[in-house]
Structures are given as C-alpha cells and as structure tokens.
Amino acid sequence: MSHEQRRERLDELAPERLEEIDAEEEEDDQALPDLPNAEEGEVRMRVAPNPNGPWHIGHARMAAVVGTYKELYDGSFICRFDDTDPETKRPDLDAYEQILDAIEYLGFEPDEVLKASDRLETYYDHARDLIDAGGAYTCSCSGDDFSELKNAGEACPHRDKDTETVHEEFTEMIEGEYSSGEMVLRVKTDIEHKNPALRDWVGFRMIDTPHPREEAAEYRCWPMLDFQSGVDDHLTGVTHIIRGIDLQDSAKRQQFVYDYFDWEYPEVIHWGHVEIDEYDVPMSTSTISELIEDGELDGWDDPRAPTIESLRRRGIRGEAIVEAMTELGMSTSNVDLAMSSVYANNRELIDDETDRAFFVREEDGGAVEKSLSGGPATASVPIHPDHEDRGTREIPTDDGVLVESDDLPPTGERVWLKGFGCVRHTEDRFEYTGDDLDVTREEDVDIVHWVPAGENVSLRLRTPDGDVSGYAEPGVSGYGPDDRLQFERVGFVRIDAVDEERVAYYTHS
RNA sequence: GCUCCGGUGGUGUAGUCCGGCCAAUCAUAUUGCCCUCUCGAGGCGAUGACCUGGGUUCGAAUCCCAGCCGGAGCACCA
C-alpha cells in the first residue's frame, strides 16, 4: 500500500486517528525550541538589518527564524533598519527595498517597518532623560586615552560633570558643533565592572559624513547600536530578541539604560555564526560587493555568489531556505549549513510539479552527433514520470541525435535513448535494435538522454561552477522565464531568459 | 591581559535543567539492494557521535573539578 493509499484507508476507518497523526507530524516538523516566557499572541520580535547591501544567505537565518516564531506563536515582527552609521557601515539606498524583497521571498511580511535614521529625535529625547537621571555624560577624551583609563578601571575627568554642562554639550553635539572624534556621550555604568566591555560605553558620537537618506542627511550626532537598539526594542514592544554571539554583551550594556528608565529587558537568545559549504566566495557583504565591483561576479544574483538573490534566481524556493535555517536550531556555537540540506528541501518542494526535459551538455568532449537508422520517427517521453496524465513530449528523430560524449558507448555497443529505444553504435551512426526495455535491466544497457540533432534549442546553463552551454529538446522553447524544468540526468533548472539567448540557471541535482 | 559563551556521527539536531527507560533521536550526507525508460522520486538496509582525564554514584551524554579545543566581546561598526 502506498502512503496515499494508507492515508485514505485510515481516513475511512478512523478519521480521528488520521488527524492525530497529522497534528503530530506538524509538531515534529518544527525544529525550533520554545521561546522562553512566550505567550501565544503576545510575542513580538524584530529583525534589525543594517541596510549596507543586499542579503547573503546567512542573513536569511534571522528572517527565517523570526518569521517562523511569529507563525508559531501567532505573534508579530518588525523590520527595523539599524542604519545609524553613515560612514563605516554606510547604508546602500537600494538595500532597504532589496532586504524587504528578500524577506517576502522567504515567505514573511513584517508587521511594521522602521528606519532608525527616522527616529533620531526619539533617541535624543531619551538621551536627555538619561542625562537627567545622571546616567550619561559628555566626554572629550580620545578613544585611546579613555581606553587606557577604562582598562585600569579609572574614571575620566568628565565623568563628574554637572548635569547642566552635560546638557549643554549634548545640545551642541546635536547641533553639530563638534567634529567627528571631538565629543561623545557616554552611558555611565560601572567603571570598575569586572568585564571591561561594559564600562562606560559610548551612546552617541559625531559623524561628519552625511547620511545617504535625504531625510536624515542633516544629522551629525548619531547613536551607537547599543543605545539605539536598546531604546527601540523597548519602545516598539519587542518581547524577544534573537541576536548573534558577537552581541553577547549588548544586553548587559543596555541593561544599565533599562535600569535608569526602570524598563524590563526583553528575553534574549544568542546564536552562533553560520557558515556555508559549497561556496568559494566568502559570505561577507563587503567582500561580495568588492568582487562585483571588480567584475569577478556578475552581480548579487550571480549563481556563484552566496546570496539570497542568487538562490532565488536559481529557482530555490524561499521555503526551502527557511526550513534549512530553522533546522539549524538556536545553538550558541557556530554552525555549518550544508547547502545539500537546502537542496533536499527544495527538491521535495518542486519535484512533483516540475516538468522533465532533455538537455545535452556541450562539455569537455562536446556533444556527439549521430544519425539514426531504423526506429520510430518520433520518440515519446512522459512530461512527468510519476504523472502520466500530464501527457508526453514528442521528440522528432529524423535528423539524427546528439548525446553527451560521456554517454556514447564504444563502437559496437548499445545504449538506450530514453523514450526512443535501444540503438547500437556503429562506425558513424546509431542503428535501432529494438524497443524491448528488458535489455536495460538484463543486459546492462545504459539509459541516456539525448536531443534531436536538427531541431533543438541552444541554451546556456549557469551554475555555481560556471556556465555550461548545450542543447535542449525543442519543447523547451515553450517555457518562459521563471518556469522550472528538470533536465533529466542533469538537474533541476529555472528558465531565466528566452530573448536573444536562452538562459537557464541550475538549481541543484 | 581581562570578561563571557560553547564542545553529541561528515553536517545539523534530540536528549543535558529534574542521572537509570540512551549500546543515544530525527534529518541530511555517503553507501548497498529493490523499483523506475533520469544520476530525480519511491521502498528497504548499512555506515557513522556523547572533547579528555579525574571525582560523586549501584548507575553519568546528563552532576562536580581540572585540562584541552573552539567561538565571542573589551570600537566614537552593526
């Protein structure tokens, strides 16, 4: 009995048991651990990308996990662009939209979209309150000087300024009266804290370079991540934060601000970094960006680039990425994501609905042309082997065929041209020897794919390992951009372009 | 140097809080056979892991200590 048949049978006998099984399966399907202190309907999370470029695959993890938790808890999530550094992590104006697109591609939609660069006044207001509470001071120490004092556990002379002076100097910061490096606003924590990373950290600093967004171009006094993010998380009602281990100390830093304001800190979960196999290109926004600039990569969607846009163009479903990412769990140690896991998920998603076709690669030995003697004038192959009702592909053979050189049998030997029949390789052609499939089982005749030598369509296949050109069966001309096909014995592809040149992107085997 | 984390098969993960039901789960990977006119799908099987050493205990992947290994922070980056 097949799986389907068993289900149908069970449905007749004990429908309630079938429901139970489905419920269990759904539960088992979910790899993510429970969120601490989470209540159904009350969970609010955020993804907080820096829009300094389109996303690489690693970025997808945050959206995948946050989006999945949202669904799991019937909660909500915010996409907040933490674009508070116009200089070293300069925002890319296109990236805001590209990131939102990436989230949508993964199958999620933020309940709210915010840009930190729109919210400077809010941060200033809170800084003023913090100053009133004695929790911050302006400091003109150089970075090196302060670092030295800090490491020795000693306060700098500015720490005891009176509130009034601090307010004045902070106002001057906001008004842009200092240049970069001249003045910062520090959050007063514990200068002797045993962890040097937590001692009196910088909340605001001056940046001379204008922000690329017109709306924010006039600001010169910018909050640091720990201040901005800490304030925003509270103000936007975030209940659960997920972030990388590189931000392990952030919660502890921000806790000082939360204490001054008597706020309750959200639950925090840290996770390790993700590394991905199968790519020669490092997963780093700046590196990919450089490679594109140098012409090493064609763009963010180059199949060799470990980016979201690349996977999308190759025809990977966002859902497959989400599944692979949630399967990684929430461990604090670094993890390696095997692309094969993404591919396995994707294959499961698309195999059933994807039409089959032949594609002969013009590789190393090249495609080999052979004329045919005997046999039917057209071959007939199912569009999908598991669904005969979808019909067949009729492929003409009168002009001979093309096979991959690897598939060409030695002279005198036979090979089975799929959908056509068995042929023997003579000096210069294939002689039809029959259509009894038993030879493939009993006499070890290989079954191979082929295309007509005359009527075929040239196609360039772009793969993570470079481009491959070749010839597809004529029916492939009936497919347009975004259609998926499985080139039998080659792999799944997504048709990308059909105008001047026919191009497909290789998905996976 | 100071301060935090973490170490289960090739990869990811369950189990660790509350020790026994764990000669350790599931997925992926690799692989064998069956089926199939694909190297896809499907079916059945195989491979392969508790970092090390002590301790506590009748019993430790699980608790304690030490070591080793790995990661992270100590930025006027995010």
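Below, read A as the first sequence line, B as the second, and so on, with proteins coming before strands; counting in each chain starts at 1.
When rounded to the nearest whole Å, the span between CG of A/Asp438 and P of B/rC35 equals 12 Å. In this structure, A/Leu437 places its CG atom 12 Å from C1' of B/rC35, rounding to the nearest Å. Look at CZ on A/Arg347: it is 14 Å from C1' on B/rA27, rounded to the nearest Å. As rounded to whole Å, 11 Å separates atom P of B/rA27 from atom CD of A/Glu327. Regarding A/Asp446, its CG atom lies at a distance of 12 Å from the P atom of B/rU38, rounded to whole Å. Between the C1' atom of B/rC37 and the CD1 atom of A/Ile383 lies a distance of 16 Å, rounded to the nearest Å.
Among B/rA29, B/rC4, B/rC37, the nucleotide with an atom closest to any side-chain atom of A/Ala344 is B/rA29. The side chain of A/Arg356 has B/rU38 as its nearest neighbour among B/rU38, B/rA78, B/rU28. Nearest nucleotide to the side chain of A/Val335, out of B/rC77, B/rG12, B/rG40: B/rG12.
Atom OG in A/Ser380 sits 9.0 Å away from atom CZ in A/Arg393 (nearest 0.5 Å).
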Quiz prompt | Summary of protein contacts for nucleotides 66-76 of chain B, nucleotide by nucleotide, where a base hit scores B, a sugar-phosphate-only hit scores S (4.0 Å, heavy atoms) | solution = -----BBBBSB

Practice problem: Give the dot-bracket string for RNA chain B, reading 5' to 3', where a pair is Watson-Crick or G-U wobble with both distances under 3.5 Å, ( ) marks pairs inside the strand, [ ] marks pairs crossing earlier ones, | marks a partner on another strand, and . marks unpaired. | Solution: (((((((..(((.......[.....)))((((((.......))))))...(((((..]....))))))))))))....

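A distance of 6.0 Å or more separates the ring centres of A/Phe77 and A/Tyr69.
A/Pro385 comes within 4.0 angstrom of a nucleotide base, judged by non-hydrogen atoms across all strands. Across all strands shown, A/Lys194 has heavy atoms under 4.0 Å from sugar-phosphate atoms exclusively, and none from any base. Across all strands, A/Phe492 comes closer than 4.0 Å only to sugar-phosphate atoms, never to a base (heavy-atom distances).
Using a cut-off of 4.0 Å between Lys/Arg side-chain N and Asp/Glu carboxylate O, A/Arg361 and A/Glu404 are scored as salt-bridged.
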